[in-house]
Amino acid sequence: MSGSRLSKDEPSRDGRPSYRVGLIPGDGIGPEVIAEAVKVVAATGIKLDTVSYDLGAGRYLRTGDVLPSSVLDELRQLEAILLGAVGPPVDSTEVPAGLLERGLLLKLRFELDLYINLRPFSPVPGSIADGADLVVVRENTEGSYAGEGGVLRKGTKQEVATQGSVNTRFGVERCVRFAFDLARSRQRKSLTLVHKANVLTFAGDLWRRVFDDLGEGYPDVSRSYDHVDASCIYLVESPLRYDVIVTDNLFGDIITDLAGAVSGGIGLAASANLNPARTGPSLFEPVHGAAWDIAGSNSANPLAAIRSAAMMLDHLGEHDAAARVTRAVVEYAAASSSSHEGRSSASTAEIGDAVAGKV
Ligand code: IPM
Ligand code: MN
């Protein structure tokens, strides 16, 4: 099924270019938070030529489609993709476990070669990580997510299940190089590799050697190494030690939930799934899920989706608009955390309006 095109003036009437952006609002609170993200982008004056794609649990339950190849082909032609959330209600038994994750979200990450999952954290005042400013660079196409493994004698007492972690020198190198470049561009110029090299001696050793080898070319970037379990303590007890963290897919998944929690909540955590080689579109999404329990109540926090849209603007080269949106989100979050002790009473649309008013 093809997307519905809302407008396609390029360049737009006032002469500015418009960007061809695919929207995948998805399930649960996804459509509500994406509407606010689009509203805030419009307030910057940047024109988007949006195409909406109906994908997620809703589409699957109606039609049995997860990601038809014709849709994937259309998505490849876009300049960026903004995704809300995909996933069935927690108690749903109609969508097999992992079907949407593997068949839609991970498939997009792999097929579009979105090999960096970039997750910045700007802790709000009063949060555990208050004062920190850290970014996690998560490898996004390999590791335990690659799908290696299988099951034998399923359902018997002799059942065997394996799930390996795929780490290629090519994949590790391009991720670590991205992280060094990012660290070099920041004020502190500090990069920490997070792994479990004391136990995962094959994969960990590859990561450490690549980290040290590439590090030679970045004498201006200070580098350190933390085991992933210890990094969970540090994120809570001394988060200021971190500037840029680089890590594998699964460790990155886990520590970014923790980093979100200590920074003021997952409602603020944004992410960019990047194809830095720009052989296709990159995809931007809040870290949170579909939150079906509050869907439709106009109470979801859209800040993570709005900040993800800011990361999209940055990737599209609209650095000034991106910075204005990010600043507005961080300011709004800071103000509401100090006035409501972390719980905002504003509705989804009110938060979107307030942020739009600040850009
Ligand atoms: C995330 C999510 C996904 C992941 C799931 C939904 C497949 O938790 O983006 O962090 O594990 O990467
Ligand atoms: Mn996750």
Side-chain angles (χ1 to χ4, degrees), residues 24-30 33-34 37 55-60 66-67 80-90 92 95-121 134-149 163-167 171 175 194 228 231-232 235 245-275 281-293 295 300-301 303-305 307-309 311-312:
I24 305 178
D27 303 310
I29 60 170
V33 298
I34 289 301
L55 295 168
R59 166 105 179 242
Y60 171 73
V66 177
L67 179 60
I81 300 166
L82 190 57
L83 183 146
V86 293
V90 197
S92 158
V95 183
L99 183 87
L100 294 171
E101 289 81 352
R102 283 229 158 260
L104 179 52
L105 200 53
L106 300 184
K107 185 155 182 186
L108 288 171
R109 290 178 184 172
F110 297 157
E111 286 287 334
L112 301 175
D113 206 18
L114 308 175
Y115 66 84
I116 297 296
N117 196 322
L118 190 64
R119 298 186 161 180
F121 298 91
L134 74 122
V135 186
V136 177
V137 177
R138 167 184 173 189
E139 200 291 322
N140 211 29
T141 52
E142 300 194 337
S144 325
Y145 280 66
E148 196 265 358
Q163 196 111 43
S165 173
V166 175
N167 298 263
C175 175
V194 166
V228 64
S231 81
C232 292
L235 277 169
I245 289 176
V246 63
T247 191
D248 87 351
N249 209 338
L250 184 58
F251 295 145
D253 177 48
I254 297 166
I255 67 168
T256 54
D257 268 19
L258 179 56
V262 298
S263 297
I266 201 75
L268 292 173
S271 79
N273 296 261
L274 298 174
N275 172 338
S282 291
L283 182 152
F284 303 81
E285 55 168 342
V287 175
H288 63 67
W292 279 98
D293 51 332
N301 183 347
L303 292 175
R307 186 166 189 186
S308 301
M311 297 181 83
M312 175 180 81

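Atoms within a ligand are numbered from 1 in the order they appear, just like the ligands themselves. Note that the structure is predicted; figures quoted are calculated from it, not measured.
- The atoms of ligand 1 that sit less than 4.0 Å from any heavy atom of Arg138 are 1 (C), 4 (C), 10 (O), 11 (O), 12 (O).
- Protein heavy atom nearest atom 4 (C) of ligand 1, with residue, atom name and distance: Tyr145 OH, 3.5 Å.
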Evaluate Cys232 against Leu235 for side chain to side chain contact (heavy atoms under 4.5 Å, CB included), listing each step before the verdict.
CA-CA 5 Å; Cys232 292; Leu235 277 169; 5.7 Å; no
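- For the Mn ion (ligand 2), the count of nearby protein N, O or S atoms, meaning those under 2.8 Å away, is 1.
- Heavy-atom proximity to atom 6 (C) of ligand 1, evaluated over Leu104, Ile266, Leu105, is greatest for Leu105.
- Minimum heavy-atom separation, Phe251 to Val194: CD1-O, 4.3 Å.
- Close approach of ligand 1 to Glu101 is summarised as follows: ligand atoms under 4.0 Å from at least one heavy atom of the residue are 6 (C), 7 (C).
- Summarising the geometry, atom CG belonging to Leu104 is positioned 10.0 Å from atom CZ belonging to Arg59; distances are rounded to the nearest 0.5 Å.
- Glu148 is linked by a salt bridge (charged side-chain N to carboxylate O under 4.0 Å, His left out) to nothing, counting only residues two or more places apart in sequence or in another chain.
- The proximity of His288 to ligand 1, defined as any non-hydrogen pair under 4.0 Å, does not occur for either the backbone or the side chain.
- For Arg119, every heavy-atom contact with ligand 1 shorter than 4.0 Å involves the side chain, none the backbone.
- Nearest approach of Ser282 to Asn273, heavy atoms of both residues: CB-O, 3.3 Å.
- Ligand 1 is approached by Arg109 to a heavy-atom distance shorter than 4.0 Å.
- In this structure, the side chain of Thr141 does not engage the main chain of Tyr115 through any donor-acceptor pair within 3.5 Å.
- Listed by first then second residue, pairs satisfying salt bridge (Lys or Arg N to Asp or Glu O under 4.0 Å) with a partner in residues 245-262 read Arg138-Asp253, not counting sequence neighbours.
- Checked for salt-bridge contact, Glu285 and Arg109 meet the test: a charged N lies under 4.0 Å from a carboxylate O.
- Between Asp253 and ligand 1, a contact under 3.5 Å exists for at least one N or O pair.
- In terms of the ring pair (Phe, Tyr, Trp, His ring centres under 6.0 Å) criterion, Phe121 has no residue partners (sequence neighbours excluded).
- Within the 3.5 Å criterion, the main-chain N or O of Asp27 finds no donor-acceptor partner in the side chain of Trp292.
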